[in-house]
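Data first, discussion second: the structure below is written as structure tokens.
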Amino acid sequence: MKSVYIRGNASLYGEVTIQGSKNAALPIMAAALLVPGVCVLRNCPRIADVEYMCRILESIGCRVDREGREIRIDAAQLSDSRLPREYVTRMRSSVMLMGPLLGRLGEVSLSHPGGCVIGDRPIDLHVKTLSRMGAACRDDGTQLSASVSGLRGTSLRLDYPSVGATENVIMAAVTADGVTCLENCAQEPEIGWLCDFLIHCGAQIEKKSPGRLLIRGQTGLHPCTYTIPADRIVAGTYLCACLAAGGEALLKGAPEGENEALERTARRMGAGLERRQDSLLVKRTGPLLSPGEVETGSFPAFPTDLQSPLLVAMAQAEGESSMRETVFNGRFGVVEELNRMGAGIEVQKDTARVPGGRRLAGGRVRAAELRGGAALVIAGLCAQGETLVENRSYVDRGYEDICRDLRLLGACVQDG
Ligand code: UD1
């Protein structure tokens with residue numbers, strides 16, 4: 001299954017259930033290291049990154065049993081603080097194992113996760129905050145290691161509300177000695193889910209105000225059974241697909257209150273959105289309008305992960321629009337492929353200008369990263385003719401089965 005084949009020019013009509021959240025599952029799996037016992041995680045998405053995380057946990061001494069979407073992690077015998085290079089270099093989010101390993105074993109070492117195709121991805125904030133909690137960190141550019149004889153709580157203020165750095169501090173702080181007050185932390189919903197999981201395990205975490213957490217360190221977290229929430233980015237991707245291609249899609253289990261910036265934008269573009277119990281009905285049967293200027297940012301601003309999927313809808317909307325990317329400095333890579341399909345997007349520095357009113361033409365395009373790859377699949381749905389999106393493995397890192405889901409929405413999409 002190396003590609004996705006799409007027969008274009010069709011609207012979406014149907015119902016799809018939204019999978020469990022990748023960005024909630026990964027840190028919660030990491031946090032399970034803090035618990036010397038068996039944590040049961042339900043509704044884990046069946047995606048490559050979750051699989052890599054299982055392998056990493058096994059390689060450091062955890063017992064990991066997987067049955068369908070349920071993963072049981074027993075970290076009682078956790079013994080090794082060295083993360084395997086093979087997976088660390090494949091999955092950047094392995095950096096979020098630093099906090100829990102320092103908490104449990106007092107040491108961690110991993111290959112430098114490096115940059116990636118969506119821009120520079122330094123880890124200075126992770127290192128700085130963990131150092132403030134007493135860890136001695138060494139980073140020679142290729143290998144990163146840290147050790148501590150006992151993490152201690154302290155007052156910290158992040159220079160930027162990094163999601164990963166916030167998660168690392170939370171995981172380090174829950175078993176640290178003393179109280180940690182973390183300011184200017186990320187407010188993405190996944191932070192709330194991580195805290196919720198840890199609180200179920202007995203951790204003491206209080207949200208004092210937006211962007212401010214108070215964590216009382218303690219010994220002795222206990223195991224729990226936890227259900228991973230639905231993936232707001234997957235729901236948002238399918239919302240963008242319906243917006244771009246037109247039609248009526250029921251997104252079953254789509255999270256409520258986690259995608260408001262996107263939902264406001266979609267309404268400006270002419271979509272009708274209706275909450276039906278735990279589902280979201282998306283209707284776009286009239287003209288597609290320009291949303292004007294959109295800018296990505298930290299939650300609750302428009303999510304960078306949905307920037308590329310929205311670009312596809314913008315390309316076809318009536319009138320010009322623009323997208324400013326403020327989170328990752330290299331996240332317009334997909335524009336080149338979209339332009340090969342006729343999108344006519346121009347990128348200057350951090351802003352993409354989208355002329356709109358374009359009819360995309362199907363063709364052979366290549367995914368180079370996860371969300372850009374999903375955007376190309378959406379472009380294929382809207383395009384005249386047939387599209388083949390190559391390098392499907394990037395898309396599989398975040399979507400259980402994008403072909404299955406889009407077929408449920410009535411599209412003609414196949415494994416290529
Ligand atoms: C997480 C999400 C990713 C999402 C991103 C932003 C997971 C597994 N991934 O990634 O899907 O796109 O949040 O919402 O949850 N930065 C630094 N120094 C650091 C850390 C980050 O400069 O030490 C910068 C990054 O280069 C980037 C920005 O901060 O420009 C945001 O990164 P961050 O919030 O840390 O994203 P991730 O946690 O890696």
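Just follow the structure's listing: the first ligand is 1, and inside any ligand the first atom is 1. The first residue in the sequence is number 1, and the count goes up from there. Every heavy atom of this structure was used, including side-chain atoms; hydrogens, water molecules and symmetry mates were not.
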Please name the pair of heavy atoms, one in [X] and one in [Y], separated by the smallest distance, quoted to 0.1 Å.
X    : Y    : result
A411 : L381 : CB-CD2, 3.6 Å
R353 : S322 : NH1-CB, 3.6 Å
A165 : L125 : CB-CB, 4.0 Å

Query raised in the report: For D124 and ligand 1, does the shortest N/O to N/O distance drop below 3.5 Å?
Result: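 D124 vs ligand 1: N/O contact under 3.5 Å present.
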Identify, for [atom], the protein heavy atom at the shortest distance, and state residue, atom and that distance.
atom                    : answer
atom 15 (O) of ligand 1 : N23 CG, 3.2 Å
atom 26 (O) of ligand 1 : D120 O, 3.1 Å
atom 36 (O) of ligand 1 : F328 CZ, 3.9 Å
atom 39 (O) of ligand 1 : R121 NH2, 2.9 Å
atom 4 (C) of ligand 1  : D305 OD2, 3.4 Å
atom 30 (O) of ligand 1 : V327 O, 2.4 Å

Under 4.0 angstrom from ligand 1, any heavy atom of [X]?
X    : answer
K128 : no
H126 : yes
E325 : no

Query raised in the report: For atom 2 (C) of ligand 1, is some protein heavy-atom partner under 4.0 Å away?
Result: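 It does: a protein heavy atom is found less than 4.0 Å away from atom 2 (C) of ligand 1.
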With no hydrogens and no angle check, do the side chains of [X] and [Y] hold a donor and an acceptor under 3.5 Å apart?
X    : Y    : result
Y5   : D415 : no
R392 : Y399 : no
Y226 : D196 : yes

With heavy atoms only and a cut-off of under 4.0 Å, state how [X] meets ligand 1: side chain, backbone, both or neither.
X    : answer
L125 : both
V163 : both
R331 : side chain
R92  : side chain

Report task. Using the salt bridge (Lys or Arg N to Asp or Glu O under 4.0 Å) rule, collect all pairs that involve residues 97-111, keeping only residues at least two apart or in two chains. Result ->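 Non-adjacent pairs meeting salt bridge (Lys or Arg N to Asp or Glu O under 4.0 Å): zero.
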Report task. For the pair Y87 and Y52, name the ring-plane relationship: parallel under 30°, tilted 30 to 60°, perpendicular over 60°. Result ->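 Because their plane-to-plane angle lies in the 30° to 60° range, the rings of Y87 and Y52 count as tilted.
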Query raised in the report: Say you draw a straight line from CD of E260 to CZ of R264; how long is it, rounded to the nearest 0.5 Å?
Result: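 Reported to 0.5 Å precision, the distance equals 6.5 Å.
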Query raised in the report: Out of curiosity, E183 CD to L214 CG, how far, rounded to the nearest 0.5 Å?
Result: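 Here the interatomic distance stands at 10.0 Å.
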Requested in this report: Would you mind finding which of A186, P122, S162 brings a heavy atom closest to atom 19 (C) of ligand 1?
Outcome: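 Closest candidate by heavy-atom distance is P122.
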Out of all atoms in ligand 1, which are within 4.0 Å of some heavy atom of [X]? Include the element for each.
X    : value
I123 : 19 (C), 23 (O)
Y160 : 28 (C), 29 (O), 31 (C)
G164 : 35 (O), 38 (O)

Query - Residue from E325, R331, R324 passing side chain to side chain donor-acceptor pair (under 3.5 Å) with Q307 - result: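 With Q307 as partner, E325, R331, R324 yield a single side chain to side chain donor-acceptor pair (under 3.5 Å), made by E325.
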Identify each donor-acceptor pair in which a side-chain atom of residues 22-47 lies under 3.5 Å from a protein atom, sequence neighbours left out, and give them as a table.
unit_1, atom_1, unit_2, atom_2, d
R42, NE, E70, OE1, 3.1
N43, ND2, I228, O, 2.8

